[in-house]
Amino acid sequence: MNGSTFTTVGALPYQFTFGSAVVLNGEIHILGGKYTNESRKYHYKWDGTTWASVSVLPFDFCQGCAVVLNGEIHILGSSWTTGIFCHYKWDGTSWKSVSN
């Protein structure tokens, strides 16, 4: 958005549906949420030019929420496959379980 119109920047790296997006260190991160029966463990970031794969999420993340707190991404939601409610955080290197 340049103030009055939207411009297409680039295609998303996968069919992003029912996931969540956050901004961390000036980069957009998209997490989970693929509509088909395939894995919902995607984590990509947009650096302003290209999408890059960052990690594999620790559970099938769909219809949860994501927030950034203290420089870490937190994902909260129910695992699509197990029904267990999960809370994980990304510290820039790996996903760590915070609580169920």
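- Applying the salt bridge (charged side-chain N to carboxylate O under 4.0 Å, His left out) rule to pairs touching residues 13-24 yields nothing, sequence neighbours excluded.
- For Trp95 and Ser55, the side-chain atoms include at least one donor-acceptor pair closer than 3.5 Å.
- In terms of hydrophobic clustering, with Ile, Leu, Val, Met, Phe, Trp and Tyr side chains grouped at heavy-atom distances under 4.5 Å, Phe6 and Val9 are assigned to different clusters.
- Legend: residues meeting salt bridge (charged side-chain N to carboxylate O under 4.0 Å, His left out) with Asp47, ordered by chain and number and at least two apart, are absent.
- Side-chain contact between Ile30 and Tyr42: absent, with no pair of heavy atoms (C-beta onward) separated by less than 4.5 Å.
- Ring to ring, Tyr44 and Phe16 are not that close: their centroids are 6.0 angstrom or more apart.
- Take His29 and apply the ring pair (Phe, Tyr, Trp, His ring centres under 6.0 Å) test, not counting sequence neighbours, and it matches His43.
- Residues in residues 15-26 take part in no salt bridge (charged side-chain N to carboxylate O under 4.0 Å, His left out) pair, two or more places apart or across chains.
- Listed by first then second residue, pairs satisfying salt bridge (charged side-chain N to carboxylate O under 4.0 Å, His left out) with a partner in residues 2-30 read Glu27-Lys45, not counting sequence neighbours.
- Residues that satisfy the side chain to side chain contact (heavy atoms under 4.5 Å, CB included) test with Val68, not counting sequence neighbours, are Val22, Leu24, Ile73.
- Residues Trp46 and Val23 share a hydrophobic cluster, clusters being chains of Ile/Leu/Val/Met/Phe/Trp/Tyr side chains in contact below 4.5 Å.
- For the pair Ser20 and Phe61, the minimum side-chain heavy-atom distance is below 4.5 Å.
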